[in-house]
Amino acid sequence: MAFISSGYDPKQPMKDRITDIGPRKFDEFYPPVIAKNKGKWLYHEYLQPGVLVHVAESGDEVYTVRCGGARLMSTGLIREICEIADKHCGGHVRWTTRNNIEFMVDNKSKVKPLLDDLKGRKFKGGSFKFPIGGTGAGVTNIIHTQGWIHCHTPATDASGPVKAVMDELFADFQDHRMPAHVRVSLACCLNMCGAVHCSDIAILGYHRKPPMLDHEYLDKMCEIPLAIASCPTAAIRPSKVEFKGEKVNSVAVKNERCMFCGNCYTMCPSMPLADTEGDGIVIMAGGKVSNRISAPKFSKVVVAFIPNEAPRWPRTTHIIKNMIEVYSKDARKYERLGDWAERIGWERFFEKCELEFTHHLIDDFRDPAYFTWRQTTQFKF
Amino acid sequence: MAKHKTPMLDQLESGPWPSFVSDLKEQAQRRAKNKEGVEFQIPTDVVEDLLGVLELSFEHGRTHWKHGGIVGVFGYGGGVIGRYCDQPEAFSGVAHFHTMRINQPGGKYYKTDYLKQLCDLWDLRGSGITNMHGSTGDIILLGTTTPQLEEVFYELTHNMNQDLGGSGSNLRTPSDCIGSSRCEYACYDTQGLCFDLTQEYQDELHRPAFPYKFKFKFDGCPNCCVASIARADLSFIGTWKDAIKIDQEAVQGYIGGEFKPNAGAHSGRDWGAFDIQKEVIGLCPTECMIMDGKTLKINNKECNRCMHCINVMPRALRIGDQRGLSVFAGAKAPILDGAQMGSLIVPFIEAEPPYTKIKEEVIEPIWDWWMEEGKNRERLGELMKRQGLQRMIEVLGVDPDPRMVQEPRSNPYIFWKEDEVEGGWDRDIEEFRKHHQR
Ligand code: HEM
Ligand code: HEM
Ligand code: SF4
Ligand code: SF4
Ligand code: SF4
Ligand code: SF4
C-alpha cells in the first residue's frame, strides 16, 4: 500500500492548518420538515412500539421509526443506513443518545414501506440489523462503554454483555408492557464512562484484585510520582525493592486500601490489575435521571459480584431478566423501578427478586454510608 | 476463511439483537475483497485482528489493550486516544489502534452525503470501525496508526469542515437532546445553545488548561433525556415560570378515551380505562391539580414542573411561555467521593442568543474560580464540596435562595465571618473584666 497524502506536510505542520472550527452546524443536517417546524411542535404519539408521529402547528407530521443498533458499527453498516435513508428519507437520518437509529419520513404513506424494508434486513449470522422498538414503557437500547474492544482498564466486556442482555430482553424492546421506561446501561469499570449510576438497571465491571507490581520495569516505564498521585485512596507509596539482588525504585500498594479503580494502571503500565477470576460484574438498580414525579436518584448495588461468563454472561442476563419481570408484575403504572423498590421497601425488593443480601451491599464508603443505614422503626418483616 | 478462529464470539451471532460480531465479520470480508479497490492506509486485515484479539479477551477474561501514551494532532491536547495491543506479534493489524473523537452535530442529525464522506475517509485511513456514538456524544473512529492521525485531521478540516472533539483535562464535547427540533416539551433551543458554546469555547475544548475534564450537557426540559443532571459539570435544563397551558377539550378527550395516555407509551398491556384522578392528579408530587366539574385546574404557583401531567396528556397540556433554563453544577461519576448529582445554582435564566448572560455570569466566573482554586484532577463538584455551595454563590454574585437546597442545614455549626458579626471579633478583655471578675 502506497502512502497517500491528504495534503498535510509533516515538515510544515502549520501550513494551511485549519483548527478550532467545531462541529458541523446542526441545521445543515435537518430534514426539511424538521427545519420548517422547529419550535412549533404540538404533540406526539407512539403509533406502535418503535414508531412515533409528531404533529406541528402547521399540520405537518413527521413519522419516526426507531431501530436498535450496536454502537460498535462498521462503515459497511453505516453505508447501508445511508442507502435506507436515501431510499426512504430524502437522505436524512439521526441517532439517539442511547445508540438507536431514527429514520424519519414526512408522510404516513411512507411508513409501511420503510418498516417492511427494515424488518427484512438481517446479518448473515441471523440477527436483525435494524430491530424496530425502543420507545415508551419498554426497555430501550443499553447505553454502554468500550470494554475489551478498545479500553485498557475494563473489568468486563461491553459489547458482549450488551448483546447477551438485549437478546434476553428483546421482546420488551419491541413492547410497551412495562409500568414505565426501563433504562439499562453498562460501564466496564468504575470510572463509569456512561452515567450508569443513575439507571433503572446498571451493569458495572469491577476488579477485585489490587494491581500487580512489575518491579523490574516500573521505574523505567512509569513516572512513579504520577502513579502515586493517581490513586484516589492514597494506597500507593514509593518503595525500594530487592529485584534479582539489586535495589530498584518501585512502589508498594497498601492492598486493603485499594478500591480497584485502575487509575494507577492508566498512569503506569507496570501496575496491571486485570484478572480472570478477580474481574466481573456488579449489578445496580433503581436509579433515574428524569425529574418526573420523583427526583433523580442513584442506582443502588443489588448484586455485589458475578463472574465474567463469556460469551453470554448467563447469570448476569438471568438476574436482570428476572428483576425486570418481577418489577413489571408488581409495580404500578408510571412507577419507575427505583420508586417501586422504595415504596415496597428494599427488604421486600430483595425478597421478591430472590436476591441474596450480603454484607457487601451495606455501604461502608466514607461519610454518606451512615445515612444509608436504617434509622427508623419503620421496616417490614 | 477467517484469519483467526473465534468460537466464543461466534456464539454472539445468534439471537435477535444486532450482532456486532456479524457486523465485524462482514466488514472484514468487505475489506478482504476490496471491491472498490481502496488503497488501504492501514493493514487490510485490521478487522480480522480486532476479532482475533477480542476472542483472546473472551478466553482470558482480560483486556489486551495498553494505555496509549501521548499521541495526538499538532496543537491539540485532546481528541485522540492512544491505544496499543499487548499482543502485537499475533495481531499486527491492531498493534497501533488509536481512536479519534469527532465532534458530532447537534441532535445527532446527519445527511447521508456527510456520512458517506466520513466512511470513505475512515475506510481509506482507518479500520472502518466506529462507535455511533461514544457516550460523551462524539462520533468515535476506532483504530488507526499514528501517521494517519494528521492525515485524517487534515481531511476532516479541509474537506469536511469538521473538527475533533475533546478529551483530557479540557472542555469535553458538549451534547444536547433533540430539543425543539422535534420535541414539544423543549423550553429552549438545546442545539442552538450547545453549538454556540461549543464554538465560543473551542480553545478550552482543544487545549487542556483545566484541572480536569469539564462537561456541558443540554436538556430541553426536566425529563432529562441526555441525563445532564447526572453527568455534567454544568447542566442546562429547560424550564418555564408561568402557567401550564391547558386545552380543556383535549383533557376530555383523554378522559373519554379518545386519546391514549402518555402518547400510547403503555399500549402493551391492558391497564384499564384511563383514570385522570389516579393517574395524573393523584400522582402530581405537589398536589396542585384538581378537577372542578369538567375543568382541570392547576395551581401553577405550586407546580414544580415535574413534567408528569404533560407527559401523560401531551395533547392537552403544554409547557408555559415564559421559558428559559435552570443551571445545575457539579455532577460526576462515583470516583472518588461517591457519585454526585448536579446541584441547582441558577433557578432561572433566559436562553436566547447570543447567550451573553449565561457565558459571562455563569460559565466564566465558575471557570475562573475552578482554575484558580481547583486542585489537579478535582472536578467542579468536588471543589464545590470542599469549599461549599456558599462559595459558589459568592463566585456567581447571586443571593442565596431556598430553591438551591433540599432543606436547610440540620446542624447549627455556622462559620460566621468576622464582618458578619456586629463589632467584629477584636474585643477588649480589660473592659470585659470590669464586669466579670477573674
Ligand atoms: C480517573 C478517571 C478516568 C480515567 C482514567 C478515564 C479514562 C478513560 C479512557 C481511557 C477512556 C477511553 C476509552 C476508549 O475509548 O478506549 C475514557 C473514555 C471516556 N470517559 Fe473517562 N476516565 C476517567 C474519568 C471519567 C469521568 C469522571 C468521566 C465523566 C464524568 C468520564 C467520561 C468518559 C467518557 C464519556 C468517555 C468516552 C466513553 C465512550 O467511548 O463512550 N471519564 N475514559
Ligand atoms: C473515566 C470516567 C468517565 C468516563 C470516561 C465517562 C464517560 C462518559 C461518556 C462517554 C458518556 C456519554 C453518554 C452519552 O452521551 O450517551 C457518559 C455519560 C454519563 N456519565 Fe460518564 N464518564 C466517566 C465518569 C463518570 C462519572 C464518575 C459519573 C458520575 C458520577 C458519570 C456519569 C455519567 C452520566 C450520568 C452519564 C449519562 C449517561 C446517559 O446518557 O444516560 N460519568 N460518561
Ligand atoms: S468504563 Fe472504564 S474500562 Fe470502560 S471504557 Fe470507560 S474507562 Fe474504559
Ligand atoms: S487500583 Fe486505584 S485504588 Fe487501587 S492502587 Fe491503583 S489507583 Fe489506587
Ligand atoms: S429532555 Fe425534554 S425537551 Fe429534550 S428531548 Fe427529552 S423530553 Fe424533549
Ligand atoms: S408538572 Fe408535575 S407538579 Fe406540575 S402540575 Fe404537572 S404533575 Fe403536578
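Letters go in sequence order (proteins before strands), and every chain restarts at 1.
- Of the two parts of A/Ser5, the backbone and the side chain both hold a non-hydrogen atom closer than 4.5 Å to a non-hydrogen atom of chain B.
- Looking at B/Ser14, both its backbone and its side chain come within 4.5 Å of chain A, counting heavy atoms on both sides.
- In terms of non-hydrogen atom pairs under 4.5 Å with chain B, the most contact-rich of A/Pro49, A/Cys67, A/Gly76 is A/Gly76.
- Within the 4.5 angstrom heavy-atom criterion, atoms from both the backbone and the side chain of A/Ser159 approach chain B.
- Only the backbone of A/Met178 comes within contact range of chain B, with heavy atoms under 4.5 Å apart.
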Original post:
Can you check salt bridge (charged side-chain N to carboxylate O under 4.0 Å, His left out) on B/Glu279 and A/Arg332, steps first, answer last?
Top reply: CA-CA 10 Å; B/Glu279 298 186 31; A/Arg332 297 174 180 164; over 6 Å; no
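- Contact tally against chain B (heavy-atom pairs below 4.5 Å) for A/Pro131, A/Gly126, A/Ser230: the top residue is A/Pro131.
- Only the side chain of B/Leu54 comes within contact range of chain A, with heavy atoms under 4.5 Å apart.
- The candidate from B/Asp203, B/Asn103, B/Ile229 with the greatest count of non-hydrogen atom pairs under 4.5 Å with chain A is B/Asn103.
- Here B/Cys119 is the residue among B/Pro314, B/Cys119, B/Cys224 with the most heavy-atom pairs under 4.5 Å with chain A.
- Here the two rings, on B/Tyr76 and B/Phe153, have centers that are under 6.0 Å apart.
- Both the backbone and the side chain of A/Asp20 have a heavy atom closer than 4.5 Å to some heavy atom of chain B.
- Interface remark: of the candidates A/Ala56, A/Ala85, A/Gly160, A/Gly160 forms the most heavy-atom pairs closer than 4.5 Å to chain B.
- Note: B/Ser181 leads B/Gly264, B/Pro261, B/Pro285, B/Ser181 in heavy-atom pairs under 4.5 Å with chain A.
- Checked against the 6.0 Å centroid criterion, the rings of A/His92 and B/Tyr110 do not qualify as a close aromatic pair.
- Ranked by non-hydrogen atom pairs under 4.5 Å with chain B, the options A/Cys82, A/Gly136, A/Pro296 are led by A/Cys82.
- By number of non-hydrogen pairs under 4.5 angstrom with chain B, the leading residue of A/Phe173, A/Phe123, A/Phe130 is A/Phe123.
- With a 4.5 angstrom heavy-atom cutoff, B/Leu24 touches chain A only via side-chain atoms.
- Between A/His44 and A/His54, the angle of the ring planes stays under 30°, which puts this pair in the parallel group of the 30/60° scheme.
- Residues A/Asp86 and B/Lys116 are paired through a salt bridge, judged by an N-O separation under 4.0 Å between the basic side chain and the carboxylate.
- Using a 4.5 Å cut-off between heavy atoms, B/Arg125 contacts chain A through its side chain alone, with no backbone atom that close.
- Contacts of B/Ile42 with chain A are made by backbone atoms alone, with heavy-atom separations under 4.5 Å and no side-chain atom involved.
- The aromatic ring centres of A/Tyr265 and B/His67 sit 6.0 Å or more apart.
- Proximity to chain A is limited to the side chain of B/His206, based on heavy atoms less than 4.5 angstrom apart.
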**OP:** Could you check A/Tyr43 against B/Arg315 for side-chain hydrogen bond (donor to acceptor under 3.5 Å, both in side chains), going step by step and ending with a plain yes or no?
**Re:** CA-CA 6 Å; A/Tyr43 65 90; B/Arg315 295 175 78 137; 3.0 Å; yes
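- For the residue pair A/Ser74/B/Glu26, the side-chain donor-acceptor check at 3.5 Å is not satisfied.
- Heavy-atom distances place no part of A/Pro272 under 4.5 Å from chain B, backbone and side chain included.
- Looking at A/Glu102, only its side chain comes within 4.5 Å of chain B, counting heavy atoms on both sides.
- Proximity to chain B (any heavy atom under 4.5 Å) is shown, for A/Ser294, by neither the backbone nor the side chain.
- Considering only heavy-atom pairs separated by less than 4.5 Å from chain A, the leading option among B/Phe97, B/Tyr114, B/Phe20 is B/Phe20.
- At a 4.5 Å heavy-atom cutoff, B/Gln406 makes no contact with chain A through either its backbone or its side chain.
- Taking the six-membered ring where the residue is Trp, the centroids of A/Trp95 and B/Tyr109 are separated by 6.0 Å or more.
- A/Asn141 and A/Arg98 share no side-chain donor-acceptor pair at under 3.5 Å.
- With a threshold of 4.5 angstrom between heavy atoms, B/Val47 does not approach chain A through any atom at all.
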Original post:
What do the steps show when you test A/Asn99 against A/His144 for side chain to side chain contact (heavy atoms under 4.5 Å, CB included), and what is the final call?
Top reply: CA-CA 9 Å; A/Asn99 311 324; A/His144 66 89; 4.1 Å; yes
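- Only the side chain of B/Arg30 has a heavy atom closer than 4.5 Å to any heavy atom of chain A.
- Results of the side-chain contact (heavy atoms from CB on, under 4.5 Å) test with B/Ile102 over B/Thr130, B/Ile140, B/Leu156 single out B/Leu156 as the only residue that passes.
- Taking B/Ser57, B/Pro222, B/Ser19, B/Pro16 one by one and counting their heavy-atom pairs under 4.5 Å with chain A, the maximum is reached by B/Pro16.
- When A/Asp275, A/Val62, A/Ile101 are compared by the number of non-hydrogen pairs under 4.5 Å with chain B, A/Asp275 comes out ahead.
- For the 3.5 Å distance criterion, the side chains of A/His152 and B/Asp86 fail to qualify, holding no donor opposite an acceptor.
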**OP:** Evaluate the salt bridge (charged side-chain N to carboxylate O under 4.0 Å, His left out) criterion for residues A/Lys38 and B/Asp189: first the C-alpha distance (whole Å), next the side-chain angles of each, then the deciding distance (0.1 Å), finally the verdict.
**Re:** CA-CA 9 Å; A/Lys38 179 168 176 175; B/Asp189 181 2; 2.9 Å; yes
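- Contact of B/Val152 with chain A is not made at all, since no heavy-atom distance falls under 4.5 Å.
- Ring geometry for B/Phe58 against A/Trp148 counts as perpendicular: the plane angle is over 60°, on a 0 to 90° scale with 30° as the lower cut.
- Interface remark: B/Arg62 contributes backbone and side-chain atoms alike to the contact with chain A (heavy atom separation under 4.5 Å).
- Side-chain atoms of B/Gln191 and A/Asp27 include no donor-acceptor pair closer than 3.5 Å.
- Most heavy-atom pairs under 4.5 Å with chain A, from the set B/Lys278, B/Glu155, B/Arg207: that is B/Arg207.
- Neither the backbone nor the side chain of B/Cys284 comes within less than 4.5 Å of any heavy atom of chain A.
- With a threshold of 4.5 angstrom between heavy atoms, A/Phe3 approaches chain B through its backbone and through its side chain.
- Judged by distance alone, the side chains of A/His176 and B/Ser267 do bring a donor and an acceptor atom under 3.5 Å apart.
- Using modelled atom types, one finds no donor on one side chain facing an acceptor on the other under 3.5 Å when comparing A/Arg94 with A/Thr64.
- Annotation for B/Lys111: atom NZ does not count as buried by contact number, only 12 or fewer foreign heavy atoms lying within 6.0 Å.
- Heavy-atom distances place the side chain of B/Gln199, and not its backbone, under 4.5 Å from chain A.
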